[in-house]
Amino acid sequence: MKPFTRLDARAAPLPLANIDTDQIIPKQFLKTVEREGLSRGLFYDLRFDDAGQPRPDFVLNRPEYAGAGVLVTGDNFGCGSSREHAPWALMDFGVTCVIAPSFADIFYNNCFQNGLLPVVLKPDEVQDLLGECQGGNHMVSVDLAAQTVTSPSGKVFTFEIDPSRKAKMLQGLDAIGETLTAAPDIDAWEARRALTHPWLERA
Amino acid sequence: MRGMSGKTLYDKIWDAHLVSEQEGESILYIDLHLIHEVTTPQAFAGLRANRRKVRRPDRTLAVADHNIPTEGQGLGVSAVADEEARLQLATLERNVADHGIEFFPMGDIRNGIVHVVGPEQGRTQPGMTIVCGDSHTSTHGAFGALAHGIGTSEVEHVLATQTLRQKKAKNMRVVIEGTPAPGVGAKDFALAVIGEIGTAGGTGYVIEYAGEAVRALSMEGRMTLCNLTIEGGARAGLVAPDETTFDYLRGRPSAPKGGAWDIALASWKTLFSDPDAVFDREVRIDASAIAPLVTWGTSPEDVVPVTDAAPSPEAFASPDKRAAVARALEYMGLEAGQPIASARVDVVFIGSCTNSRIEDLRVAADIVRGRTVAPGVRAMVVPGSGLVKAQAEEEGLDEVFRAAGFDWREPGCSMCLGMNPDRLAPGERCASTSNRNFEGRQGRGGRTHLMSPAMAAAAALAGHIADVRDYLR
């Protein structure tokens with residue numbers, strides 16, 4: 001996993017609540033056996049019309065947001081399906097930070113497995129940021145170590161993040177490798193469990 | 001905060017599976033890992049790249065469900081027309097063979113939707129921790145198991161370590177008291193709960209369902225209720241196991257037998273929230289006040305009684321909500337204030353991990369028996385598993401549906417998410433027993449109204465959304 005430390009990038013405003021993972025990446029793009037290449041399906045129905053042509057008014061199709069690395073959006077972003085294709089698609093498109101007042105639980109969790117930083121700001125701060133990003137300057141700075149987001153006009157917002165998740169993001173640590181250092185604990189737990197719950201041991 | 005008070009059922013299962021703490025995260029042991037073709041290829045690729053093996057193949061069960069066609073399954077994977085789906089299915093077959101994981105392939109009578117198969121085989125048991133790369137894993141909470149969806153990276157983590165790194169959630173209890181009216185069931189309870197708390201109302205919680213109306217539900221009903229927990233934002237739902245649970249499990253292929261059954265049963269009977277347990281939030285719902293419900297919009301919280309109308313944006317205070325309602329009405333092709341029962345349907349889908357079990361099919365067949373699907377309506381039944389299909393055929397339900405004009409299909413996730421060829425065309429309106437009415441969920445431009453199997457059956461007969469109470473016998 002690539003570490004996330006600091007990001008200076010264009011921020012694209014998408015002021016809608018409850019954007020679900022079916023909208024982030026529709027079903028037809030889930031049939032891949034790869035993690036890469038999913039950007040073509042990102043927000044597919046919002047980005048493209050029925051003929052497959054880009055909708056010029058959709059934020060990620062507008063030239064002033066080309067190369068956006070940050071998405072600023074509404075409440076409960078990422079609700080619905082557990083598909084990790086949603087953070088994969090965002091990352092593949094170049095978005096490595098999503099800022100919202102709240103996130104759906106499984107999506108939020110999936111982000112941290114991939115070095116995509118989900119930032120929760122207060123609703124009025126997100127409103128502020130959405131407003132600014134709709135103006136002429138959409139460059140924001142996200143500093144994970146300092147836990148700050150700096151708006152295009154220079155306002156600084158701070159955010160909360162779980163310390164263990166923050167540490168893993170900053171270093172790009174692999175969770176499996178870390179858990180495997182506890183293998184003796186897992187062995188011991190399994191041995192005890194086999195005694196207390198013998199019916200779960202399939203011959 | 002909880003101090004000396006008792007433990008909730010969630011607390012008990014959590015404590016029993018806690019292996020250790022690391023860096024402020026808990027390492028939780030996973031008893032059962034269910035896997036399917038769509039959310040595992042990248043996980044197995046990750047294991048291979050890191051030369052890791054599956055720690056407990058015996059605690060892992062694989063099915064093919066999400067993208068399989070619902071006809072011609074006996075022809076095998078090589079006959080699947082969709083090239084990408086075929087590759088994904090073949091990849092799963094190779095992965096389970098490489099790692100020695102039990103697998104019910106497409107066409108096997110035991111195959112079907114993962115959340116139907118686990119319980120049906122007796123693999124799902126009270127007190128377990130269960131995960132799957134699918135958000136509707138919450139279904140298994142009906143047995144008093146802590147069960148929730150995970151992403152593919154976590155699938156890889158569980159394959160490699162048989163554990164998951166977790167933060168403990170808060171406790172919520174939803175108490176449903178009273179006796180529901182005829183025509184009202186578990187699906188209506190679930191939609192009522194989501195309508196009450198909202199689609200993000202359960203975020204950060206595990207919900208335990210309690211109360212006499214929950215106790216009175218069959219296991220199928222409890223599975224429907226727990227299945228939809230994720231649509232209210234909570235990862236997991238729980239129902240404490242009782243005689244209904246034990247009766248369902250007894251004699252299932254993977255349920256304990258003989259003396260082992262008695263030992264298991266004694267353990268399962270300790271799985272309840274202590275009377276003095278404290279819940280962080282409690283919601284009470286009166287089952288007798290619930291009418292048959294349908295969704296009008298594009299979020300599962302957009303719920304109205306079938307006798308009611310689509311809302312008007314002006315009825316909402318916040319400008320954001322007004323805009324969201326207007327957008328949903330436009331997408332759904334509904335006028336503000338339009339009676340919901342006036343919406344004509346093109347398609348009726350009875351199926352999905354929410355409502356494709358034998359009881360669901362029996363309820364729908366009772367409404368349909370001796371009647372005919374309205375002209376112009378495409379109606380289909382997709383049983384949840386090969387065994388559900390066989391049971392329904394033994395009871396003659398397939399004949400009831402076919403005689404009425406329904407299509408009787410082979411098992412799978414099918415039109416719930418439209419990964420296989422079963423999907424809506426743009427603008428088509430569907431009365432669906434599934435779980436998500438998101439934009440494009442059942443097909444680009446498709447319009448989904450969520451409802452119970454009985455309500456979907458009534459809609460098929462009427463040709464529009466209809467009150468099932470007019471069709472009860």
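What you are looking at is a predicted structure, and each value in this text was computed from that prediction instead of being measured. To find a chain, count down the sequence lines: A is the first, B the second, and so on, and within it residues start at 1.
For the atom pair CG (A:Asp75) and CG (B:Asp320), the distance works out to 8.5 Å, reported to the nearest 0.5 Å. For the atom pair CZ of B:Arg444 and CG of A:Asp50, the computed distance is 5.0 Å after rounding to the nearest 0.5 Å. Rounding to the nearest 0.5 angstrom, the gap separating the CD atom in B:Glu21 from the OG atom in A:Ser164 is 10.5 Å. In this structure, A:Asn109 CG and B:Ile150 CD1 are separated by 9.5 Å, a value rounded to the nearest 0.5 Å. Residue A:Asp105 holds its CG atom at 8.5 Å from NE2 of B:His148, rounded to the nearest 0.5 Å. Summarising the geometry, atom OG belonging to A:Ser81 is positioned 7.0 Å from atom NE2 belonging to B:His66; distances are rounded to the nearest 0.5 Å.
For B:Ala200, the parts sitting under 4.5 Å from any heavy atom of chain A are the backbone and the side chain alike. Using a 4.5 Å cut-off between heavy atoms, B:Thr152 touches chain A through backbone and side chain atoms alike. Both the backbone and the side chain of A:Asp45 have a heavy atom closer than 4.5 Å to some heavy atom of chain B. Neither the backbone nor the side chain of A:Arg192 comes within contact range of chain B; no heavy atoms are under 4.5 Å apart. With a 4.5 Å cut-off on non-hydrogen atoms, A:Ile19 does not touch chain B at all. Looking at B:Ile27, only its side chain comes within 4.5 Å of chain A, counting heavy atoms on both sides. Neither the backbone nor the side chain of B:Asn50 comes within contact range of chain A; no heavy atom of the residue lies under 4.5 Å from a heavy atom of that chain. Heavy atoms of A:Thr32 lying under 4.5 Å from chain B belong to its backbone as well as its side chain. Both the backbone and the side chain of A:Asp185 come within contact range of chain B, with heavy atoms under 4.5 Å apart. Contact of B:Thr199 with chain A is made through backbone and side chain together, with heavy-atom distances under 4.5 Å. For chain B, the nearby part of A:Gln23 is the side chain; its heavy atoms alone come within less than 4.5 Å. Contacts between B:Leu18 and chain A at a heavy-atom distance below 4.5 Å involve the backbone alone (N, CA, C, O). Heavy-atom distances place both the backbone and the side chain of A:Ala175 under 4.5 Å from chain B. In this structure, chain A has no heavy atom under 4.5 Å from any part of B:Arg86. Contacts between A:Phe103 and chain B at a heavy-atom distance below 4.5 Å involve the backbone alone (N, CA, C, O). Neither the backbone nor the side chain of B:Lys257 comes within contact range of chain A; no heavy atom of the residue lies under 4.5 Å from a heavy atom of that chain. Neither the backbone nor the side chain of B:Ala324 comes within less than 4.5 Å of any heavy atom of chain A.
The pair B:Arg59-A:Glu190 does not count as a salt bridge, with every side-chain nitrogen at least 4.0 angstrom from each carboxylate oxygen. With salt bridges taken as basic N to acidic carboxylate O contacts below 4.0 Å, none links B:Glu23 and A:Arg165. Under 4.0 Å is where a charged nitrogen must lie from a carboxylate oxygen, and between A:Asp174 and B:Arg52 at least one such pair does. The pair A:Arg83-B:Asp134 does not count as a salt bridge, with every side-chain nitrogen at least 4.0 angstrom from each carboxylate oxygen. Using a 4.0 Å cut-off between a side-chain N of Lys or Arg and a carboxylate O of Asp or Glu, B:Arg55 and A:Asp187 qualify as a salt bridge. Residues B:Glu83 and A:Lys31 are not paired through a salt bridge, judged by the lack of any N-O separation under 4.0 Å between the basic side chain and the carboxylate.
Remark: side-chain polar atoms of A:Glu84 are paired, donor with acceptor, to backbone N or O of B:Ser153 under 3.5 angstrom. A donor-acceptor distance shorter than 3.5 angstrom exists from the side chain of B:Arg436 to the backbone of A:Gly80, with no hydrogens or angles considered. A distance-only check finds no donor-acceptor pair linking the side chain of B:Thr161 to the backbone of A:Leu180 [under 3.5 Å]. A donor-acceptor pair is defined here as one N or O able to donate and one able to accept, closer than 3.5 Å; such a pair exists between the side chain of B:Gln22 and the backbone of A:Glu178.
The choice from B:Glu37, B:Glu84, B:Arg423, B:Met419 that makes the most heavy-atom pairs within less than 4.5 Å of chain A is B:Met419. Annotation: maximal heavy-atom pairing with chain A below 4.5 Å, among B:Asp58, B:Asp82, B:Thr91, occurs at B:Asp82. By number of non-hydrogen pairs under 4.5 angstrom with chain B, the leading residue of A:Phe107, A:Tyr44, A:Tyr108, A:Trp88 is A:Trp88. Counting heavy-atom pairs closer than 4.5 Å to chain B, the top-ranked of the candidates A:Asp162, A:Asn114, A:Thr196 is A:Asp162. For the set B:Gln162, B:Glu154, B:Lys321, the entry with the most heavy-atom pairs within less than 4.5 Å of chain A is B:Glu154. In terms of heavy-atom pairs under 4.5 angstrom with chain A, the leader among B:Ala264, B:Pro41, B:Ser20 is B:Ala264.
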Let's go through A:His197 and B:Asp31 carefully: what are the C-alpha distance in whole Å and the side-chain angles of both, what is the deciding distance for side-chain contact (heavy atoms from CB on, under 4.5 Å) to 0.1 Å, and is it a yes or a no? CA-CA 11 Å; A:His197 291 64; B:Asp31 290 317; over 6 Å; no
Could you please spell out the steps behind the side-chain contact (heavy atoms from CB on, under 4.5 Å) verdict for B:Arg165 and A:Ile176? CA-CA 9 Å; B:Arg165 305 179 73 90; A:Ile176 296 178; over 6 Å; no
What verdict does the side-chain contact (heavy atoms from CB on, under 4.5 Å) test give for A:Thr179 and B:His157, after you've listed the backbone C-alpha separation in whole Å, the side-chain angles of each residue and the deciding distance to 0.1 Å? CA-CA 8 Å; A:Thr179 301; B:His157 191 282; 2.7 Å; yes
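Screening residues 168-195 of chain A for ring-ring contact (aromatic ring centres under 6.0 Å, His included), with sequence neighbours left out, gives A:Trp189-B:His17, A:Trp189-B:Tyr29. Counting only residues at least two apart or on different chains, the side-chain hydrogen bond (donor to acceptor under 3.5 Å, both in side chains) pairs with a member in residues 34-43 of chain A are A:Arg35-B:Glu156, A:Ser39-A:Asp92.
Side-chain contact check for A:Asp20 versus B:Glu439: every heavy-atom pair is 4.5 Å or farther apart. The shortest distance between side-chain heavy atoms of A:Lys27 and B:Asn67 does not fall below 4.5 Å.
When the shell of 6.0 Å around NZ of B:Lys167 is examined, it contains more than 12 heavy atoms from other residues, nucleotides or ligands.
A:Leu30 approaches B:Val38 most closely through the heavy-atom pair O-CG1, 3.7 Å. Among all heavy-atom pairs drawn from B:Ser135 and A:Ser82, the shortest one is N-OG, 3.5 Å.
There is a side-chain donor-acceptor pair under 3.5 Å between B:Gln125 and A:Trp199.
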